[in-house]
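Have a look at the structure below before the remarks.
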Amino acid sequence: INRDYPVIYLFKSIIDDVVKTQISPPSVRIVHSGHACNVEEERHTERVYTIREGETLELTCLVTGHPRPQIRWTKTAGSVSDRFQDSSVFNETLHIAKILRTQGGRYYCKAENGLGSPAIKSIRVDVYSTIWVRTCHQSTWSLKHPFSTILYACLCQCTPDPEITTRRHKATRRNPGQQYPPYRLRAARDNVTVIDQAISGTAARSYFRVRHVPEITHIVCVCVCLCVSDQHVLCCLCVAALKKGRFWITPDPYHNDDNIQIGREVKISCQVEATPPEELMFSWLKNGRALRSSERMVITQTDPDISPGTTNLDIIDLKFTDFGTYTCMAALRGGGIPEISIDVNISSTTVPPNLTVPRGKSPLVAREGDTVELECLVSGKPKPIILWSRADKEAPMPDGSMQTESYDGVLRVVNVSREMTGSYRCQTSQFNGFNVKAREALVELIVQYPPTVEPAFLEMRQGLNRPVVMTCRVLRAHPSRVLRFEWLLSNRLLHAGAFTEHKDETEYTIRSLNRDGWGEYTCNVINEAGTGKCTFHVTGKPYPPEFYYDTYSPLWQNRPRVYGFKLQWTQMNPNTVDRIVAYRLGIRQTGLQRWWEQEIPVEGAITKGELITHNLTELIKPESYEVRLTPITHYAEGDSTTRIITYSAPINPHLREFHCSFEEEPICMFTQDKNDDFDWTRHSAATRDTKYTPNTGPSGDRSGSKQGFYMYIETSRPRKEGDQARLISPFFNVAPKTPYGITNPPAYCLGFFYHMYGKHIGTLNAFLKQKGQTTTEGAAWSLTGNQGDRWKQAKVSIHPSSSFQVVIEGVRGPGIEGDIAIDDVTLEEGECRDPPSSAPPAVIAHIWLLFAALATTLLGGQR
């Protein structure tokens with residue numbers, strides 16, 4: 001028996017190396033999708049997840065540890081399985097549909113696997129209902145002067161508990177990212193002071209005082225509910241005020257006469273704008289003495305036919321003794337602000353208005369940009385307010401309003417424009433005058449402006465001995481019948497004349513262009529208001545070339561320290577000017593001043609769209625270069641164009657050395673496809689706890705190591721059959737050895753190890769994706785179904801014709817026992833050779849060691 005101890009110990013160590021798995025205590029993390037914010041309460045800050053009542057709550061508990069921990073969800077340290085779906089209490093994802101406000105609180109995720117203490121994480125969930133802010137209102141009315149103090153209140157309700165802020169309208173808002181705790185009322189401006197606050201349950205009320213309130217102002221009431229967008233209500237501060245006192249006189253309406261006459265009725269009306277209007281009071285005086293309503297003098301407070309804030313004095317059967325000064329007094333009930341008084345004189349000289357336009361004031365001619373005054377003379381006693389408006393069309397006045405008031409009958413317009421040409425109406429208003437049919441008159445305004453012409457500037461390129469025709473067209477001008485033109489070349493007059501009727505353009509022709517004819521031609525079109533100018537730049541210079549940036553594999557390298565570049569371009573409008581005989585090529589290293597130049601001769605004429613090629617050689621790696629290209633004719637050099645040439649080293653300068661075993665976190669620049677259904681996972685040891693899915697996934701990496709990493713697809717819920725996960729390699733460059741591109745696509749061998757074990761195994765595909773392709777071609781390699789619990793090697797030859805990527809795709813099968821893993825991805829130049837044995841080397845070594853130990857034991861026993 002003692003002889004067997006070494007053998008048993010050796011056999012046990014072999015089994016431990018093959019079977020032993022890494023164990024670890026549980027850890028847990030809670031994730032969610034939705035809105036969350038930081039909340040500070042009593043010097044403690046935590047992350048709060050907020051959700052609206054009636055929505056669906058989903059919290060996911062991410063768990064690590066081996067053996068795989070068991071998960072249980074609770075609420076406020078107690079079981080709440082009766083509130084969840086039965087299947088969600090012990091799952092990673094907690095799901096509560098149509099959540100109620102009563103279900104808000106703290107949720108706990110507990111994970112335990114028998115190793116160490118259970119892992120517990122919690123998250124606070126706040127369920128809020130509809131937020132509303134009641135329009136703020138004035139709690140007490142204190143009739144004061146403007147810039148006095150006003151008392152207001154604001155009410156807000158939401159769940160969780162709210163916060164109210166108050167500020168002046170259009171004031172700077174607080175930083176949206178700044179968090180304020182609940183149960184706090186805040187004044188946003190110095191003149192807003194919170195004097196009382198009350199918070200009860202889900203509602204808050206704030207009383208605040210506003211000091212030094214202007215005549216018209218607003219207060220914004222802001223309701224801040226925790227982690228939810230602020231709700232605003234605009235509150236109007238109706239400050240006590242009196243302004244705009246006006247009057248009008250209405251003759252006897254039963255007689256067709258606009259004059260005041262003895263023995264007839266006269267009505268005097270008075271109007272005042274008051275805030276608040278219901279507090280307005282009127283009184284009347286005659287020659288400074290109080291006047292009371294009587295049978296002959298009837299006083300009414302408000303005329304229902306006219307806007308509120310009016311009072312009327314009806315004088316029945318006017319007598320000579322009724323002549324005098326009548327005063328209308330307006331005040332607010334309770335006082336606090338000055339009264340307004342309006343005097344109206346009734347006498348034999350009180351006559352209705354008359355309106356005329358002064359001689360020479362219509363039509364009124366002005367030039368664009370001038371300041372003009374439109375004038376109407378008004379007579380009568382008293383003189384009414386004059387209203388100005390457009391008479392020819394429905395258009396606003398220069399100040400933007402539809403009507404402009406004038407007390408002296410003058411309308412002053414600054415910086416008059418051509419759009420203001422037209423007829424203007426001046427008419428009497430009823431205010432401060434007679435309430436009779438309006439008198440009106442028309443004033444014609446004519447705005448002169450210089451001609452508007454086209455083209456403002458045009459470059460014309462033409463070959464020698466060819467004709468050139470230049471046309472200058474008048475678009476609009478005023479006056480338009482007094483137009484003349486002149487053509488000049490560098491201030492030298494070529495031709496002049498006048499426009500004939502029904503003609504709006506002028507031409508100048510160069511019959512045969514020579515070098516002396518190159519230059520800047522100007523056509524001036526002139527009227528009384530100024531000059532419009534067309535400019536033509538005539539030249540024989542060629543247009544600039546246009547570089548071609550879509551050259552296939554323009555860079556090549558056949559020596560270690562230098563590289564070459566295929567430069568291609570086309571010529572813009574090559575037949576417009578004389579034939580291009582050469583190009584001047586300039587090249588300099590980026591950052592240096594010196595240019596190296598050479599001429600590239602051109603044989604024959606260049607056609608439009610023709611692609612011209614020149615190979616640049618002896619460029620030093622890895623420097624960049626600036627290239628300048630200038631076309632040349634027999635008579636002139638054209639415009640130049642430049643571009644930058646940048647050296648880009650291949651990502652894989654030695655493809656036979658590319659190997660990825662996924663041991664580092666960057667995973668060899670592989671990336672997850674953003675358009676697939678789920679991602680590959682980097683992992684070590686077993687892919688899942690064997691208690692739940694014991695029949696799928698590898699127990700180690702391709703070498704058999706428990707610490708080694710590999711990539712795999714996790715097919716457990718919520719994955720469904722047919723879901724795809726794609727892993728995309730970095731770009732591999734296929735650099736041509738000559739400037740003439742790739743004639744025969746090279747061959748590369750793609751290799752990788754795969755593990756496909758489980759009764760629900762789906763499909764593993766390998767694709768080749770070349771640069772410029774929007775979709776991948778058919779699978780270069782594909783395998784479906786259970787391949788046993790061991791790593792196997794796959795190799796496939798690919799033949800890319802340009803830079804390419806390798807895409808490895810895993811497709812989920814019909815069930816959870818379908819984990820697929822890959823490891824040790826390689827890419828080598830040349831066709832694939834026969835793959836080696838698919839048995840993992842570590843397992844083979846252990847098996848041979850086991851056989852050797854057994855043989856030694858048996859031989860020892862025979863002795």
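Both backbone and side-chain heavy atoms feed into the values below; hydrogens, waters and symmetry mates do not.
Residues meeting the side-chain contact (heavy atoms from CB on, under 4.5 Å) test with Thr784, sequence neighbours left out: Thr763. For Phe678, there are no ring-ring contact (aromatic ring centres under 6.0 Å, His included) partners, not counting sequence neighbours. Under the side-chain contact (heavy atoms from CB on, under 4.5 Å) criterion, Phe709 pairs with Glu663, Arg682, Ser684, not counting sequence neighbours. Listed by chain and number, the residues in a side-chain hydrogen bond (donor to acceptor under 3.5 Å, both in side chains) with His614 amount to none (sequence neighbours excluded). With sequence neighbours excluded, the residues that form a side-chain contact (heavy atoms from CB on, under 4.5 Å) with Thr671 are Ile728. Applying the side-chain hydrogen bond (donor to acceptor under 3.5 Å, both in side chains) test to Thr642 and every residue at least two apart in sequence or in another chain returns nothing. Taking Arg29 as the reference, nothing meets the side-chain hydrogen bond (donor to acceptor under 3.5 Å, both in side chains) condition, with sequence neighbours excluded. Legend: residues meeting side-chain hydrogen bond (donor to acceptor under 3.5 Å, both in side chains) with Asn786, ordered by chain and number and at least two apart, are absent. For Leu115, the side-chain contact (heavy atoms from CB on, under 4.5 Å) partners at least two apart in sequence or on another chain are Ile23, Pro25, Pro67, Asn113. Under the rule for a ring-ring contact (aromatic ring centres under 6.0 Å, His included), Trp680 has no partner lying at least two apart in sequence or in another chain. For Phe670, the ring-ring contact (aromatic ring centres under 6.0 Å, His included) partners two or more places apart in sequence, or in a different chain, are Phe662.
Within the model, atoms NE2 of His799 and CG of Leu768 stand 10.5 Å from one another, a figure rounded to the nearest 0.5 Å. Rounded to the nearest 0.5 angstrom, Leu94 CG and Leu59 CG are separated by 5.5 Å. Atom CD in Glu829 sits 9.0 Å away from atom CG in Leu827 (nearest 0.5 Å). With values rounded to the nearest 0.5 angstrom, Gln568 atom CD is found 3.5 Å from Thr551 atom OG1. Taking CD1 from Ile667 and CE from Met711, the interatomic distance works out to 4.5 Å, rounded to the nearest 0.5 Å. To the nearest 0.5 Å, atoms CG (Leu62) and CD1 (Ile71) are separated by 9.0 Å.
Between Ile713 and Ala725, the closest heavy-atom pair is CG2-CB, 3.9 Å. Contact between Gln571 and Tyr583 at its shortest, heavy atoms only, is OE1-OH, 2.6 Å. Shown here for Asn695 and Glu817, the closest heavy-atom pair between the two residues is CB-OE1, 3.5 Å. Shown here for Tyr108 and Ile120, the closest heavy-atom pair between the two residues is CD2-CG2, 3.9 Å. Minimum heavy-atom separation, Glu626 to Trp595: O-CZ3, 3.6 Å. In this structure, Thr613 and Asn615 approach most closely via the heavy-atom pair CG2-OD1, 4.2 Å.
Contact annotation: the side chain of Leu619 never approaches that of Tyr647 to less than 4.5 Å [non-hydrogen atoms, C-beta and beyond]. At least one side-chain heavy atom of Pro545 sits under 4.5 Å from a side-chain heavy atom of Pro631. Pro574 is not listed as a side-chain neighbour of Thr607, based on a closest heavy-atom distance of 4.5 Å or more. Counting heavy atoms from C-beta on, the side chains of Trp791 and Asp824 never come closer than 4.5 Å. Thr646 places none of its side-chain heavy atoms less than 4.5 Å from the side chain of Thr590. Here the side chains of Ile612 and Thr570 are not in contact, with every heavy-atom distance at 4.5 Å or above. Considering only heavy atoms from C-beta on, Lys621 stays 4.5 Å or farther from Arg561 through its side chain. A heavy-atom distance below 4.5 Å is not found between the side chains of Ile645 and Ile587.
Listed for the Thr630 side chain is no donor-acceptor partner under 3.5 Å among the backbone atoms of Ser640. Within the 3.5 Å criterion, the main-chain N or O of Val811 finds no donor-acceptor partner in the side chain of Gln724. Side-chain N or O atoms of Asn765 include none that pairs as donor or acceptor with a backbone N or O of Ala779 at under 3.5 Å. Put simply, the side chain of Gln787 never gets that close to the backbone of Met756: no donor and acceptor are under 3.5 Å apart. Judged by distance alone, the side chain of Lys769 and the main-chain N or O of Val807 form no donor-acceptor pair under 3.5 Å. Under a 3.5 Å cut-off, the side chain of Ser122 and the backbone N or O of Tyr107 do not form any donor-acceptor pair. The closest donor-acceptor contact from the side chain of Ser729 to the backbone of Val806 lies under 3.5 Å. Judged by distance alone, the side chain of Thr641 and the main-chain N or O of Pro544 form no donor-acceptor pair under 3.5 Å. Counting only distance, with no hydrogens or angles, the side chain of Asp701 and the backbone of Gln707 share no donor-acceptor pair below 3.5 Å.
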Please assess Val825 against Leu750 for the test side-chain contact (heavy atoms from CB on, under 4.5 Å), listing each intermediate value before the final yes or no. CA-CA 8 Å; Val825 179; Leu750 170 65; 4.2 Å; yes

For a side-chain contact (heavy atoms from CB on, under 4.5 Å) check, start with the C-alpha distance between Thr696 and Tyr712, then their side-chain angles and the critical distance, and finish with the verdict. CA-CA 11 Å; Thr696 188; Tyr712 87 104; over 6 Å; no

Does Ile620 form a side-chain contact (heavy atoms from CB on, under 4.5 Å) with Tyr625? I'd like the steps, not just the answer. CA-CA 9 Å; Ile620 301 173; Tyr625 291 86; 3.6 Å; yes

The test is side-chain contact (heavy atoms from CB on, under 4.5 Å); show your working for His755 and Ile820 and say whether it passes. CA-CA 6 Å; His755 188 283; Ile820 299 175; over 6 Å; no

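Checking Cys61, Pro26, Ser27 one by one against Pro69, the side-chain contact (heavy atoms from CB on, under 4.5 Å) holds for a single residue, Pro26.
Relative ring orientation between Phe752 and Trp781 is described as perpendicular, the plane-to-plane angle rising above 60° on a 0-90° scale split at 30° and 60°. Note: Trp569 and Phe547 have perpendicular aromatic rings, judged against thresholds of 30 and 60 degrees for the angle between ring planes.
Counted by atom type alone, Thr60 and Glu92 present zero donor-acceptor pairs between their side chains at under 3.5 Å. Defined by atom type and a distance below 3.5 Å, a donor-acceptor pair is missing between the side-chain atoms of Thr681 and Glu714. Glu828 and His659 share no side-chain donor-acceptor pair at under 3.5 Å.
Residue pairs meeting the salt bridge (Lys or Arg N to Asp or Glu O under 4.0 Å) criterion with at least one member in residues 805-815, sequence neighbours excluded, are Arg726-Glu809.
Not less than 6.0 angstrom separates the ring centroid of Tyr748 from the ring centroid of Phe732.
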